[in-house]
There are 2 protein chains.
Amino acid sequence: MQKTDDEPKGPTSLQRGLRLLRVLAGAPPDGMRLSDLARLAGETEATAHRLARALTAEGFVDRTPDRRYRVGLDFFSIAARAETADNLRDICRPALLRLSATLNDTIFLLVRSGLNVVCLDRADGPFPIRSFTGDIGGRIPLGMGQGSLVILAYLPPDEREEVIRFNLPRLIDRGPIDEAFLRTEIEKVLASGHAATDYGLLTGMIGVAVPIFDTTRRVVAALSVGTLTERLTAERRAKVVELLNREAEAIGRRLSPFDPALRHPARFLGGVRAPG
Amino acid sequence: MQKTDDEPKGPTSLQRGLRLLRVLAGAPPDGMRLSDLARLAGETEATAHRLARALTAEGFVDRTPDRRYRVGLDFFSIAARAETADNLRDICRPALLRLSATLNDTIFLLVRSGLNVVCLDRADGPFPIRSFTGDIGGRIPLGMGQGSLVILAYLPPDEREEVIRFNLPRLIDRGPIDEAFLRTEIEKVLASGHAATDYGLLTGMIGVAVPIFDTTRRVVAALSVGTLTERLTAERRAKVVELLNREAEAIGRRLSPFDPALRHPARFLGGVRAPG
DNA sequence: TTGAATTATTCCGGCATACGGAATTTATCG
DNA sequence: CGATAAATTCCGTATGCCGGAATAATTCAA
């Protein structure tokens, strides 16, 4: 081989091994044969085999009984154990401040927690706002309020149905809602990409919310703005949604799907992690 | 360097790089300095630097502005693919929600990974629960804890023996267990169809677990509930087991006969085949 | 601000070792 | 059962890795 240029080459076997991981993560739902793996990674079969063997020995790759390779469960385990330095609240705070300052309204950050949604943070605007969510730490059933609704809407179908089945009584109990209404609103959310339903419970108030997806396209949270109904003309709403979405997307790109804050929001409410 | 032993060594730089990843995932909330990384991984700083650079270039590691290393975001999106082909987690989630809401306790979904069991998902109940399994991604040896025990118990006999042979020391090391105890408990599991052993390690806590079989009657996972000892009277336990089993069976019917991880080279040819 | 201690990065020579062509074993298929 | 394809092992060689040591950058104390 001739060395034409002086690329800052690193340990080749590491580079190649990682590329194998990428390839494995890339396509197959049920694993990949060695020959395909080699071809896609641009390696000879001998080399791919050697690397795959090492990856397997280290637990980063699993082998299926029919001799196929796939990303290993240990990999999942390692990733889940890795703590991302910033929890969701820290990541989102600048966005909340920006939105609050730009829109002159109150911004909420909502995270799902089982069958509920928890308000993880808020940045107040100049107008006093009443909301379903209430203050930081506030907890409402999935489906009640715009931010909550938007999360519910984007859940995987199975899961969404399950949540609805359980929460419907709670929702009916707390507001002028029935199943038909809820389903209609969910459809609206999925069609428009945001929630702006007026529940009619907080007179003069209205909210607009957009979903935050993690890097695997799962809903994990919602950004929501609470404002006075009169302030939200149709054209302003479009603008608001656009701004919210821009921030939501930026946030989503930075989210690990394993962030503990997404799983146990309550632990992070105090700003300090609770033990256990 | 002297190498007297003739282990089938693999590409060292790959092994070392992966170890760096493990170390990185292990401890730091806000990243790790090179020197610490090197020390914890048992590498010279020069080597650690070279490897870390390669990992960074490949996107598996990020650098913070203050020159610290941390697990990269790409790492997570790849890891998210590491679930079983049937996406066991998605399939089971509604069941976890149902159980958690119905029982008011914390539900765990556990899958086997080689000689270990990994917590794939959990749905928290209102009570804070301590468990062997820990949080999502937590790993424990096969045989430790109820969910893990139930999986071990239902493995094919020769495979089970091999796992026991391997894990017994680890189990003894981590709890008041000896071989006789383990075998007695396995018998109990096979007789009753569930595990409810009180290991006595987590005072006040107890768990009940049932197996999930795929359509070929192989254990692939376990559903487990963690609760306060006082909440689990005998009659309630019967009820709990029944609920768990109902969900486990429903899940099993949806599983295609794909074995997630049999990375341990075991030749069961001519051995006992699961009765079709 | 200065200087010393700590940490990060680069260099480089020697030698271990990873590469890949080819042979061998093992699975898959007609 | 023979043929084809895939997986795994072998092995000589040159390639790229390792780590001691030099250099650069950063932190810290005073």
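All chains are named by letter (A, B, ...) in the order of the sequence lines, taking the proteins before the strands, and each is independently numbered beginning at 1.
- A side-chain N or O of B:N116 and one of B:R170 form a donor-acceptor pair less than 3.5 Å apart.
- Put simply, NE2 on A:H49 is 11 Å from P on D:dC10, counting in whole angstrom units.
- Comparing C:dT9, C:dA18, C:dA22 against the side chain of B:R63 picks out C:dT9 as the nearest.
- Phosphate contact (OP1/OP2 of D:dG19, side-chain N/O of B:R16, threshold under 4.0 Å): present.
- In this model, the phosphate group of C:dA16 is not approached by any side-chain N or O of B:T12 to a distance below 4.0 Å at OP1 or OP2.
- Summary of the strand contacts: A:R67 and A:T47 both lie near DNA chain C, and taking for each the nucleotide with the nearest heavy atom, the more 5' one is attributed to A:T47.
- Atoms CZ (A:R19) and P (C:dA18) sit 18 Å apart, rounded to a whole Å.
- For the pair A:D66 CG and D:dA6 P, the computed distance is 15 Å after rounding to whole Å.
- A:F60 and B:L21 make their closest contact through CE2-CD1, 4.1 Å (heavy atoms, listed as atom of the first residue, atom of the second, distance).
- For B:L34 and D:dA25, the CG to P distance is 16 Å, given to the nearest whole Å.
- Between B:R53 atom CZ and D:dG16 atom P there is a gap of 17 Å when expressed in whole angstrom units.
- Cation-pi geometry between B:R218 and B:F213 is not satisfied (NZ or CZ under 6.0 Å from the ring centre, within 45° of the ring normal).
- Comparing A:T44 and B:R33 by the nucleotide of DNA chain C that holds the closest heavy atom to each, the one mapping nearer the 5' end is B:R33.
- In this structure, A:E43 atom CD and C:dA18 atom C1' are separated by 12 Å, rounded to whole Å.
- Between the C1' atom of D:dG16 and the CD atom of A:Q15 lies a distance of 11 Å, rounded to the nearest Å.
- Between A:S35 and A:L14, it is A:S35 whose nearest contact on DNA chain D lies nearer the 5' terminus.
- Judged by distance alone with a 3.5 Å cut-off, no donor-acceptor contact links the side chain of B:R50 to the base of D:dG16.
- A salt bridge is absent between B:D66 and B:R33: the closest approach of a Lys/Arg side-chain nitrogen to an acidic carboxylate oxygen does not fall below 4.0 angstrom.
- Using a 4.0 Å cut-off between charged side-chain N and carboxylate O, B:R183 and B:E179 make a salt bridge.
- We find that CZ of B:R68 is positioned 15 Å from P of D:dT26, with the value rounded to whole Å.
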